[in-house]
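Computed from heavy atoms alone, side chains included, the values below leave out hydrogens, waters and symmetry copies. Note on naming: letters A, B, ... go to the chains in the order of the sequence lines (proteins, then strands), and numbering restarts at 1 for each one.
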Number of protein chains: 2
Amino acid sequence: MMKNLPHKTIERLSQYRRALLICLEKGQTHIYSHEIAKIQHITAVQVRRDLMLIGYTGTLRKGYNVKDLIDLIGNIIDSTEGINVAILGMGNLGRALINYFAGKRSQLKIVAGFDINPDKIGNTMSGVPCYSSEDMNRIIKEKNIKVGIMTVPADFANATADQLVKAGIRGILNYTPKPVNVPDNVYLEEYDMITSLEKVAFFVKINDE
Amino acid sequence: MMKNLPHKTIERLSQYRRALLICLEKGQTHIYSHEIAKIQHITAVQVRRDLMLIGYTGTLRKGYNVKDLIDLIGNIIDSTEGINVAILGMGNLGRALINYFAGKRSQLKIVAGFDINPDKIGNTMSGVPCYSSEDMNRIIKEKNIKVGIMTVPADFANATADQLVKAGIRGILNYTPKPVNVPDNVYLEEYDMITSLEKVAFFVKINDE
DNA sequence: ATAACAATGTTAATAAATTAACATAAAAAT
DNA sequence: ATTTTTATGTTAATTTATTAACATTGTTAT
Ligand SMILES: NC(=O)c1ccc[n+]([C@@H]2O[C@H](COP(=O)([O-])OP(=O)(O)OC[C@H]3O[C@@H](n4cnc5c(N)ncnc54)[C@H](O)[C@@H]3O)[C@@H](O)[C@H]2O)c1
Ligand SMILES: NC(=O)c1ccc[n+]([C@@H]2O[C@H](COP(=O)([O-])OP(=O)(O)OC[C@H]3O[C@@H](n4cnc5c(N)ncnc54)[C@H](O)[C@@H]3O)[C@@H](O)[C@H]2O)c1
């Protein structure tokens, strides 16, 4: 069920929820499709279409119930039992991420970090214990870690991905600038900030011409 | 010229170049479309199509000249005079980014950071001077800064974006989880790591079912 | 009461992105 | 020499994503 949602819809659902949570905090109970659209810089039709795909029905003229919609999105994209996550490489970026995620989403719990620096191993960072990369296999199995976020130096990207795969990881989010190879049964998402910046720079240039 | 390149092609060109630079370092002079494809987890046809769009012609049976292709991609996506970039908010993520970009792309130069913390203002970080946010308008104009990377706390996202726009910024890369509004003539790119992680988690869950 | 309005939900149309098909040609094998 | 192989470049087909069109229906205004 809900297996055939477009990839882009999944991304947007996550974004909608993020915005909706802010609305909820402010005490807003209902929201119109065009309000969500404005926040996300997309069209209201797009929002309604996405919500149609997940079978959510709002109230005519009143819009969508913020809380209900948050819950439904959760039902669709979250796993009921939650998902345990590990950070590979507790350097600048790893630390920034741990900090950012801390207490953000109960469904996605960062339960372990890994590093090779003896000064870091054994310590905790914002409540996340740092283990030796040598123990990766054991810890990942023990803690039932399903997803790994890679923030190791680029030169260690491939080796780390291999280790993760061997330990039975199910998904990898790779922030290393080095693309890695994983088998088909492991979901891989790669992101590089330079690409985003170069894209912005390109369109700035184009707009100038 | 080259204004009508698909957005996705722009992203991939940036990625191709990243991979090609690694090849160049290793001394590799030529590369096949299927090799590039393998690295990027896409098809060879996709690669050839992208290269066709930018008018690059390889050598039959020898593939593409690594150096030439890097140069051509540079001609397409880089601005001839380079683009000056500022970081807004020199916290965990800002520092990580400065560190990462340092000396990576000569075309994209981080020439200033801004913060409101008096302990940071006046110092430099990996060679990037930190200014007071109050001086944003002046510095951006003086240094001809075209693009801003936002890494301020979410609550300051909108105010910072407004300041940037007022100072005449042309593009914004927003790493804040709060979407911001900018006029049409400012190119905006937003990215949130939670969305990426939730997407990975979703497909991990789906694959389990 | 009735008309105008403003929202949702859905189908149809369009646009963007990817993939398939294939023509071409140099290199390698026979 | 000829055939086979293996690569590029391009057009056509398909798939995916977005947008437009519109039917529907409470709500507000007249
Ligand atoms: N800093 C950024 O903003 C940024 C942005 C995008 C991508 N990246 C990439 O993310 C990665 C990390 O960046 P960073 O700035 O955090 O670097 P960093 O050097 O601060 O951190 C890397 C950490 O990984 C650890 N490490 C090294 N080898 C390891 C191994 N085999 N297993 C586990 N841990 C290991 C190091 O001890 C260190 O703590 C790099 O590949 C970088 O290119 C960084
Ligand atoms: N840390 C992450 O991995 C991560 C990931 C994604 C997004 N983010 C987002 O990026 C932002 C920064 O994250 P962080 O971990 O670096 O936070 P941080 O608190 O470490 O850094 C924020 C910095 O911004 C400065 N600041 C505050 N108000 C400012 C203003 N008005 N103008 C200029 N500077 C100002 C602060 O002094 C501080 O130095 C947050 O919005 C966070 O949600 C962080």
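- For B/Tyr32 and B/Tyr64, the distance between ring centers is not under 6.0 angstrom.
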Could you go over nucleotides 23-28 of chain C and give all protein N or O partners under 3.5 Å, atom names and distances?
none

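- In summary, contact between chain A and DNA chain D, defined as any nucleotide atom under 4.0 Å from a heavy atom of the protein, begins and ends at D/dA17 to D/dT27 in the 5' to 3' direction.
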Donor-acceptor pairs under 3.5 Å, side chain of residues 66-77 of chain B to any protein atom, not counting sequence neighbours: which ones?
from	atom 1	to	atom 2	distance (Å)
B/Lys67	NZ	B/Asp71	OD2	3.0

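- Contacts of A/Tyr100 classified as ring-ring contact (aromatic ring centres under 6.0 Å, His included), with partners at least two apart in sequence or in another chain: none.
- Backbone-only engagement by B/Thr57 is indicated by non-hydrogen atom pairs under 4.0 Å involving sugar-phosphate atoms exclusively.
- Among the atoms of the strands shown, only primed sugar atoms or phosphate atoms (P, OP1, OP2) are found under 4.0 Å from some heavy atom of B/Ser33.
- The pair A/Asp78-A/Arg17 counts as a salt bridge, with a side-chain nitrogen and a carboxylate oxygen less than 4.0 angstrom apart.
- Every side-chain hydrogen bond (donor to acceptor under 3.5 Å, both in side chains) that B/Ser14 has, sequence neighbours left out, goes to A/Thr195, A/Glu198.
- At a non-hydrogen distance threshold of 4.0 Å, A/Arg12 from residues 11-22 of chain A come into contact with DNA chain D.
- Ring geometry for A/Tyr187 versus B/Phe203: interplanar angle under 30°, hence parallel rather than tilted (30 to 60°).
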Can A/Asn174 and A/Tyr191 be said to form a side chain to side chain donor-acceptor pair (under 3.5 Å), step by step?
CA-CA 6 Å; A/Asn174 180 21; A/Tyr191 178 80; over 6 Å; no
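- With sequence neighbours excluded, the residues forming a side-chain hydrogen bond (donor to acceptor under 3.5 Å, both in side chains) with A/Ser126 are A/Asn99, listed by chain and number.
- Within residues 185-195 of chain A, no residue places a heavy atom under 4.0 Å from DNA chain D.
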Side-chain donor/acceptor pairs under 3.5 Å, residues 19-31 of chain A, sequence neighbours excluded:
from	atom 1	to	atom 2	distance (Å)
A/Gln28	NE2	A/His30	O	3.1

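- Residues that satisfy the side-chain hydrogen bond (donor to acceptor under 3.5 Å, both in side chains) test with A/Lys199, not counting sequence neighbours, are B/Glu11, B/Glu189.
- As a whole-Å value, the separation of B/His7 NE2 from C/dT18 P is 13 Å.
- One atom, NE2 of A/His34, and another, C1' of C/dC5, lie 13 Å apart when rounded to the nearest Å.
- Listed here is the closest heavy atom pair of A/Ala201 and B/Ser79: O-OG, 4.5 Å.
- Partners of B/Asp208 under the side-chain hydrogen bond (donor to acceptor under 3.5 Å, both in side chains) rule, at least two apart in sequence or in another chain, are A/Arg170.
- Map A/Thr59 and A/Arg49 each onto its nearest nucleotide of DNA chain C; the residue landing nearer the 5' end is A/Thr59.
- Each of B/Ile31 and A/Ile42 has a nearest nucleotide on DNA chain D; the 5'-most of these lies closest to B/Ile31.
- Per the geometry, CD belonging to A/Glu35 stands 14 Å off P belonging to C/dA6, to the nearest Å.
- Comparing A/Leu5 and A/Arg48, the nucleotide of DNA chain D nearest to each residue sits closer to the 5' end for A/Leu5.
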For residues 87-95 of chain A, please give each side-chain donor-acceptor pair under 3.5 Å, one per line with the distance, not counting sequence neighbours.
from	atom 1	to	atom 2	distance (Å)
A/Asn92	OD1	A/Arg95	NH2	3.3

